J.: 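Just passing along the structure, written as structure tokens.
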Amino acid sequence: MIYEGKAITVKEIEGGIAQLDFDLQGESVNKFNRLTIEELHAATDALKAQKKLKGLVITSSKDSFIVGADINEFTDLFAGSEEDLVANNLRANAIFSAVEDLPFPTVTAINGIALGGGFEMCLATDYRVMAPKAKVGLPEVKLGIFPGFGGTVRLSRLVGVDNAVEWICGGAENRADAALKTGAVDAIVEPAKLVEAAVAIINQCNEGKLDYEARREEKKGKIKLNAMESMMAFEISKAFVGGKAGKNYPAPVEAIKVMQKHAGLTRDKAIEVEAKGFAKMAKTNVAACLVGLFLNDQELKKKAKAWEKEASDVKLAAVLGAGIMGGGIAYQSALKGTPIIMKDINQDGIALGLKEAKKQLTKRVDKGRMNAGQMADVLNSITPTLNYGDFKNVDLVVEAVVENPKVKDAVLCEVEEMTRDDAILTSNTSTISIDLLAKNLKRPENFCGMHFFNPVPMMPLVEVIRGKKTSDRAIATTVAYAKAIGKTPIVVNDCPGFLVNRVLFPYFGGFSGLIRDGADFQKVDKVMEKFGWPMGPAYLLDVVGMDTAKHANDVMAEGFPERMKADYKSAVEVMFENDRYGQKNEKGFYKYELDRKGKQKKVVDEETYKLIEPVVQGKNDFSDEDIIARMMLPLCLETVRCLEDGIVAGPADADMGLIFGIGFPPFRGGALRYIDDMGADMFVELADKFADLGPLYHPTEKLREMARTGEKFFG
Ligand SMILES: NC(=O)c1ccc[n+]([C@@H]2O[C@H](COP(=O)([O-])OP(=O)(O)OC[C@H]3O[C@@H](n4cnc5c(N)ncnc54)[C@H](O)[C@@H]3O)[C@@H](O)[C@H]2O)c1
């Protein structure tokens, strides 16, 4: 044994060749936490002290190779000064460079996922062999940073600037064939033969058949481009990547700038440039928010996993109502492998639901993500029906009929009679109280809300809503089913609008107030899109549908009259009264026309301005800051109230719900993180400035207390 630690062991395997194996004790995967980096240092020193070694193979004893850095350590690490971050990166890089400089040939055997720091480890060796199913990549930009263990330096020299830009700025996981094609790895080998293949490469190096030293020098040298080629490669990619990533995500373009800066430098100087650029990105608020988001997501996954343990099996599901939502739910369930019965009361409904599923599947086939046979299998696992024939075999029902409490009540009572006593019933209602719907059920403990978002295949969130009588088993089974069909569930308590709509409608309230006070709806859309929303509020209302929005708004106003009942007629009501329902009938705040590809395109319609004129009080050219404040304050304050009222379990659930449910700008982390970033004191001060606009703008007592004490939602 050459070295034995808790994450790494090094031993001689044959003919003077050593094997350095990653196997982090007590964890299911290898990751670069502090311990692993320290041990890599010690293991490399031990290797250097061996005088007779002829080569090194780096391996992993886990299913994955190394999944990346330990992101749990990032929050503390990134809180340090920029200088500390640079120093920290240079220290870690000295270890990777020491591996690269070992006085014998080195090969990594990539048996499974090697991402981020894990792939940078692979890049430090002279050669890489990779299992067919393994994946490699540098996904750091997804966290608002870029590779910081020499990845921008080594990859750009190994595979060329264009490929390095694509890998680093795209952040994708790459399959073995793609990795081989770009030259990021040298061979694809079956898992059982990886070490053997690595040893063979080392032997060929020692026999003089492969020149590992020349290869190493290439990786440590300057990028081989003349000044003109370099200018072209970097400038073009900066413009392209910058356009795609947008101003709110600076890391991809910074990565290119860093590569451009170190192109003419040799390794150690180049790594200094990378370290400085990395530290600059790690200190951005975007990185803090994206890292926070990752950690929140982990927390939600943990919670879902805990629920899954208590869940009953869902082998067969059913959906009632084959409309827009029912069709989407049936497709999603069938696609992910849970067969589903789709029941409607009329044949047209069924035809519509099947059409929706077919449309989604055809898209997948067109994109090459599925073949015709697989499409047929998925369609065959949707059973359309007009009766309750097979319902005794159903484990979980999603009710998705029209949004009318009387109809839903009748349908739920009917289906309860047709299903087994242990079947779980859920409702995809967007607004109706779960307790109200449970009132006439014989087994209310088996009932909860399961709120999907439109379009179902695209929207990741499902709100699982607990009524007063809902049992843990019902929640657990619904959470597990949501996970099984590829969705992210959050468990919330019952109230009008649950979490997402309760928070979204105050935001629309902010919009209506702005229009009343003379803001231009197009300007509001532009400002909010620049702020980071995928679409501005007027456009979003057109997508949601004015009828749906009006109906939900009425429910919210009834539920929370003190805040949400408006004392003026809103532009949304005007649109609704004039049958301008939005995209669904091609007219809302905007007009919709088909483009050449047959896709709906929004067009400005002067008619809208004429229609809303009677409800607009004067003309006002609000500043961008005022528009943002008037839109964001009600949304954030309602999120705070949801947390205080116990509608959500914690800040992570609330923020993730908004990001996954309504597309809250991810780089801002969520409504509660937005308050944290501004500081509760500044946030309350801003809210007080708009206090005259009514209770939607009034902070809670607890938030005022946080403003005084400096307490944060994410401590
Ligand atoms: N559309 C959305 O954006 C959205 C988003 C989230 C939740 N929801 C909720 O989902 C539910 C359905 O909405 P949708 O937009 O799919 O409506 P939809 O009008 O497109 O579909 C409703 C379907 O239910 C059928 N139906 C009516 N009575 C029935 C009964 N007794 N048994 C079986 N089927 C019956 C109708 O024939 C119709 O096909 C509503 O509660 C709605 O609030 C909708």
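Just follow the structure's listing: the first ligand is 1, and inside any ligand the first atom is 1. Starting from 1, each residue takes its place in the sequence as its number. Keep in mind that this is a model prediction, so the values were computed, not measured.
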J.: Does Arg668 qualify as a cation-pi partner of Tyr674, given the criterion of NZ or CZ under 6.0 Å from the six-membered ring centre and within 45 degrees of its axis?
T.: no

J.: Does ligand 1 have any atom sitting under 4.0 Å from a heavy atom of Phe452?
T.: yes

J.: Please state which option from Asn454, Ile345, Asn404 has its nearest heavy atom closest to atom 32 (N) of ligand 1.
T.: Ile345

J.: Are any of the heavy atoms in Asp344 under 4.0 Å away from ligand 1?
T.: yes

J.: Looking only at protein heavy atoms, which one is nearest to atom 21 (O) of ligand 1, and how far off is it?
T.: Gly323 CA, 3.2 Å

J.: Out of Ala351, Gly326, Ala400, who is nearest to atom 22 (C) of ligand 1 when you count heavy atoms only?
T.: Ala400

J.: Looking at atom 31 (N) of ligand 1, what's its closest protein heavy atom, distance included?
T.: Val411 CG2, 3.1 Å

J.: Just to confirm my output: which protein heavy-atom neighbour is closest to atom 20 (O) of ligand 1, and how far is it?
T.: Ile324 N, 3.1 Å

J.: Is a donor on one side and an acceptor on the other found under 3.5 Å between the side chain of Thr419 and the backbone of Val415?
T.: yes

J.: Answer with yes or no whether Glu414 contacts ligand 1, where contact means a heavy atom under 4.0 Å from a ligand atom.
T.: no

J.: Test your reading of the model: is there a side-chain donor-acceptor pair from Asn446 to the backbone of Asp421, 3.5 Å cut-off?
T.: yes

J.: Taking the six-membered ring for Trp, are the ring centroids of Phe508 and Phe511 within less than 6.0 Å of each other?
T.: no

J.: For Lys408 and Val401, indicate whether the former's side chain and the latter's backbone hold a donor-acceptor pair under 3.5 Å.
T.: yes

J.: Take every heavy atom of Lys408, measure it against each atom of ligand 1, and state whether any distance is under 4.0 Å.
T.: yes

J.: Heavy-atom distances under 4.0 Å are what count here, so tell me which part of Val401 touches ligand 1: side chain, backbone, both or neither.
T.: both

J.: Looking at Ala552, is its backbone amide N or carbonyl O close enough to the side chain of Thr431 to form a donor-acceptor pair, meaning the two atoms are under 3.5 Å apart?
T.: no

J.: For atom 24 (O) of ligand 1, what is the nearest protein heavy atom, given as residue, atom name and distance?
T.: Gly321 CA, 3.4 Å

J.: Under 4.0 Å and counting heavy atoms only, is there anything from the protein next to atom 17 (O) of ligand 1?
T.: no

J.: Under 3.5 Å, side chain of Glu399 to main-chain N/O of Val319, donor-acceptor pair present?
T.: no

J.: Considering only protein heavy atoms, which is closest to atom 13 (O) of ligand 1, and at what distance to one decimal place?
T.: Met325 CG, 3.8 Å

J.: Can you pull out the closest protein heavy atom to atom 19 (O) of ligand 1? Residue, atom name and distance to 0.1 Å, please.
T.: Val402 CG1, 4.2 Å

J.: Return yes or no for this condition: an N or O of Ser430 is under 3.5 Å from an N or O of ligand 1.
T.: yes

J.: With distance as the sole test, does Asn296 use its side chain to make a donor-acceptor pair with the main-chain N or O of Met656 at under 3.5 Å?
T.: no

J.: For ligand 1, note which part of Asn346 has a heavy atom under 4.0 Å away: side chain, backbone, both or neither.
T.: side chain

J.: Which residue owns the protein heavy atom closest to atom 41 (O) of ligand 1, what's the atom, and how far is it?
T.: Glu403 OE1, 2.5 Å

J.: Considering non-hydrogen atoms of the protein only, which is the closest contact for atom 9 (C) of ligand 1, and what is the distance?
T.: Asn428 O, 3.2 Å

J.: Step through it carefully: locate the ring centre of Phe521, locate the ring centre of Tyr590, and say whether they are under 6.0 Å apart.
T.: yes

J.: Between atom CD of Glu593 and atom CG of Asp595, what is the distance when rounded to the nearest 0.5 Å?
T.: 10.0 Å

J.: Using modelled atom types only, decide if a donor and an acceptor are shared between the side chain of Glu573 and the backbone of Ser570 within a distance under 3.5 Å.
T.: yes

J.: Ring centroid separation for Tyr539 and Trp533, is it under 6.0 angstrom?
T.: no

J.: Within a distance under 4.0 Å of any heavy atom of His451, pick out the atoms of ligand 1 and give their elements.
T.: 6 (C), 7 (C)

